[in-house]
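Because the structure is predicted, anything quoted here is derived from the model rather than measured. Below, each value reflects all heavy atoms present in this structure, side chains not excepted, and no hydrogens, waters or symmetry copies.
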Amino acid sequence: MSPAERRERLAELDPDRLTELTAETETDEDHDPLGELPNADAYDEIRMRLAPNPNGPWHLGNARMPAVIGTYKDRYDGWMLCRFDDTDPETKRPDLDAYGDILDAIEYLGFEPDAVIRASDRLETYYEYARELIELGGAYTCTCSAETFSELKNAGEPCPHRAKDIETVMEEFEAMIAGEYDPGDIVLRVRTDIEHKNPALRDWAAFRMIDTPHPREEAAGYRCWPILDFQSGIDDQLMEISHIIRGIDLQDSARRQRFLYEYFDWEYPEVVHWGHVQIDAYDVKMSTSTIKGLIAEGELDGWDDPRAPTLASLRKRGIQGEAIVSALVELGTSTSDVDLALSAVYAANRELIDDDTDRAFFVRDGVEKPVVNGPDAGTPPVHPDYDERGDRTIPVDGAVVVEPADVPPNGERVWLKGYGCVRHTRDAFEFTGDGIDAVREEDVPVVHWVPADENVPLTLRTMDGPVTGHAEPGLREYAPDDIVQFERVGFARIDAMNDDAVAYFAHP
RNA sequence: GCUCGGUUGGUGUAGCCCGGCCAAUCAUGCGGGCCUUUCGAGCCUGCGACGUGGGUUCGAAUCCCACACCGAGCACCA
């Protein structure tokens, strides 16, 4: 039935309802991919946290956390904590540089945490709450091997240690803190429901022994470390977090932590889970450990290699943090997995920088052609949309370099942008003196060029590897970090301006 | 195996809770046109989607059931 038919039918059956529908006004809300936070009205202040694991510099996927949480912070005038969840000195060993790198990355994205803490500074606090939990009968020390416990748990059967009295548990837990056990010998478990239908929630481990000292000197003396679910559960309460936003891999985490909150009679924060992000356009898998490995093997030049899907790499290419945030926010917070199109980041970035970016010529792998009978210089505009910024002056000392694909067949003309029309005769470009109508009416192509002598040899580093070529002499006026648009090539960030000039390609 | 999520154009997203101006929004992408001394910007325009099958209903993207497919958890990782 077509909509028109449906309306007709409705008019027969229930004319009042039809009138109501017609009266309902369409609210044209602003485009808002994020939507409102759940139950936001119930809180005086929206308090959120970023909870990075400082095991390496950030890739593009990691940026989603500050992008979304930071955007909500701005929207609700909320509060944002950066808490380093660095409670595994062994298998997810923190990288001491990463703490600072991550804070830099957050700043690059345009946000500032209201507070920064490290879980590894807070072991005594976690111990205190663990003791309290034991007093409440909510935890027990367990000396089952991981395998044994796993089998019992999967069968829904308690292990013998579950029945221990509180005093014994407390003694053994104090001994754990004192470092009197070896790794693997004992854990502290939260007593949940051993017959819970979801096996992932049954009596989960809260503390375990780790011999490897924490890389941070302040925390190197501890041997008894909390598991994320315990540490983060306690901290979220202590920091009065109102909204937790994190990945679907932590969905069961929330369910586990609710048992903790019930023992302490706390109220669990609102929680939003999102799916995984993949990025098109990169050959390198977006994973901290993979990138770390490729750098170690020399496959990548470093964290800022343009081929690496890292924030450092995008930053090096001159892409604004704001563009990354805007593309990531656009993904919303759905629980299904999403692909981020890098072109969305480019589109956002182009929008941000196009107006302010000066134009310049860069000829890739050029061929030299003598120019005869023409003027001494070309004067293309600094920015085609803003006459007031003036023209560049590019000298022509008898010859220019153009890209091979731009050389017209013999006898044909080409317009050297900002200079004039030339005809390819034998092996030279002969100035023709044609007016711009040649371009407008006669389809003469417009190309970029640089002088053969006075130019700037430059390497443009791209995602597909380096490209060598020559830029116009005026490029020397630019300094590292400046962004230019190489006409007909794309935007680029100047990285070094000396004998070996280097720029990083951003996008078309 | 047990448990928990998800599935709207090439990509992302809105709509789903509370069925009806939804032959489905917006963005990006791609194509065409205009403009332009850039393959950029701008303007105009086009392309393109409700996983499958049943059910409920006057009416289903929306509610119910089944199936398919994708993902996550069941770590002494985060």
List the protein contact pattern of nucleotides 70-78 of chain B with one symbol per nucleotide (5' to 3'): B for base contact, S for sugar-phosphate-only contact, - for none; contact means a heavy-atom distance under 4.0 Å.
-SSBBSBBB
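- Comparing the same atom, P, in B:U52 and in B:A68 gives a spacing of 15 Å after rounding to whole Å.
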Identify the pairs formed between an N or O of the protein and an N or O of nucleotides 64-69 of chain B at a distance under 3.5 Å, and give each distance.
none

Set out, in order, the CA-CA distance, both residues' side-chain angles and the distance that settles side-chain contact (heavy atoms from CB on, under 4.5 Å) for A:Leu188 and A:Ile134, then state yes or no.
CA-CA 9 Å; A:Leu188 183 76; A:Ile134 293 168; 4.0 Å; yes
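- Rounded to an integer number of Å, the gap from CD of A:Glu441 to P of B:C35 is 10 Å.
- Annotation: B:C63 and B:G15 have their P atoms spaced 13 Å apart (nearest Å).
- Between A:Asp434 and A:Arg413, at least one side-chain nitrogen of the basic residue sits less than 4.0 Å from a carboxylate oxygen of the acidic one, meeting the salt-bridge criterion.
- To the nearest 0.5 angstrom, A:Ser343 atom OG is 11.0 Å from A:His507 atom NE2.
- Salt bridge status for A:Arg493 with A:Asp482: absent, with no side-chain N to carboxylate O gap under 4.0 Å.
- Note on A:Glu403 versus A:Arg364: salt bridge recorded, some NZ/NE/NH1/NH2 to OD/OE distance being below 4.0 Å.
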What string of B, S and - do you get for nucleotides 36-43 of chain B 5' to 3' if you count protein non-hydrogen atoms under 4.0 Å?
-BBBBS--
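- Taking the nucleotide of RNA chain B with the nearest heavy atom to each of A:Arg64 and A:Arg255, the more 5' of the two is matched to A:Arg255.
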Please evaluate residues A:Arg49 and A:Ile69 with respect to the criterion side-chain contact (heavy atoms from CB on, under 4.5 Å), reporting the C-alpha separation (whole Å), side-chain torsions for both, the decisive distance (0.1 Å), and the verdict.
CA-CA 8 Å; A:Arg49 82 295 199 283; A:Ile69 293 175; over 6 Å; no
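- Rounded to the nearest Å, the gap between the C1' atom of B:C77 and that of B:C16 is 36 Å.
- Between the C1' atoms of B:U57 and B:G19, the separation comes to 9 Å (whole Å).
- Here the C1' atom of nucleotide B:A27 and the CG atom of A:Leu342 are 16 Å apart, to the nearest Å.
- Across B:A49 and B:U11, the matching C1' atoms stand 12 Å from one another, rounded to whole Å.
- Salt bridge status for A:Asp406 with A:Lys369: absent, with no side-chain N to carboxylate O gap under 4.0 Å.
- Atom CG of A:Asp283 has 12 or fewer neighbouring heavy atoms from other residues, nucleotides or ligands inside a 6.0 Å radius.
- In this structure, the ring of A:Phe230 has its center less than 6.0 angstrom from the ring center of A:Phe207.
- Rounded to whole Å, the separation between the P atoms of B:G48 and B:C4 comes to 40 Å.
- Of the N and O atoms on the side chains of A:Arg488 and A:His448, at least one donor lies less than 3.5 Å from an acceptor on the other residue.
- Side-chain atoms of A:Thr335 lie closest to B:G6 of the nucleotides B:G12, B:U28, B:G6.
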Output a table of donor-acceptor pairs, distance under 3.5 Å, between side-chain atoms of residues 333-340 of chain A and any protein atom two or more places apart or on a different chain; print 'none' if there are none.
{"from": "A:Ser334", "atom 1": "OG", "to": "A:Ser336", "atom 2": "N", "distance (Å)": "3.3"}
{"from": "A:Ser334", "atom 1": "OG", "to": "A:Ser336", "atom 2": "OG", "distance (Å)": "2.9"}
{"from": "A:Asp337", "atom 1": "OD1", "to": "A:His276", "atom 2": "N", "distance (Å)": "3.0"}

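- Across every non-hydrogen atom of A:Arg93 and A:Pro89, the tightest pair is NH1-O, 2.8 Å.
- The interatomic distance linking A:Glu36 (CD) with B:G15 (C1') rounds to 16 Å, in whole Å.
- Rounded to whole Å, the separation between the P atoms of B:A66 and B:A27 comes to 39 Å.
- Under 4.0 Å is where a charged nitrogen must lie from a carboxylate oxygen, and between A:Arg83 and A:Asp85 at least one such pair does.
- Remark: P of B:U13 and CG of A:Leu328 are 12 Å apart, rounded to the nearest angstrom.
- Rounded to a whole Å, the CG atom of A:Asp339 is 14 Å from the C1' atom of B:U7.
- A salt bridge is absent between A:Asp203 and A:Lys153: the closest approach of a Lys/Arg side-chain nitrogen to an acidic carboxylate oxygen does not fall below 4.0 angstrom.
- With salt bridges taken as basic N to acidic carboxylate O contacts below 4.0 Å, none links A:Glu195 and A:Arg202.
- Listed by first residue number, the stems of RNA chain B with at least three Watson-Crick or G-U pairs below 3.5 Å are B:1-7 with B:68-74, B:10-12 with B:26-28, B:29-34 with B:42-47, B:51-55 with B:63-67.
- Comparing B:C39 with B:G29, their P atoms are spaced 16 Å from each other, to the whole Å.
- Using a 30° and 60° split on the angle between ring planes, A:His196 and A:Phe259 fall in the perpendicular class, above 60°.
- A salt bridge is defined here as a Lys NZ or Arg NE, NH1 or NH2 lying under 4.0 Å from an Asp or Glu carboxylate O, and A:Arg75 with A:Glu36 meets this definition.
- Between the NE2 atom of A:His507 and the P atom of B:G29 there is a distance of 11 Å, rounded to whole Å.
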I'd like a table of atom pairs between the protein and nucleotides 44-52 of chain B - only N or O on both sides, under 3.5 Å - with the distance next to each one.
none

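- Between the CD atom of A:Gln278 and the C1' atom of B:G12 there is a distance of 13 Å, given to the nearest Å.
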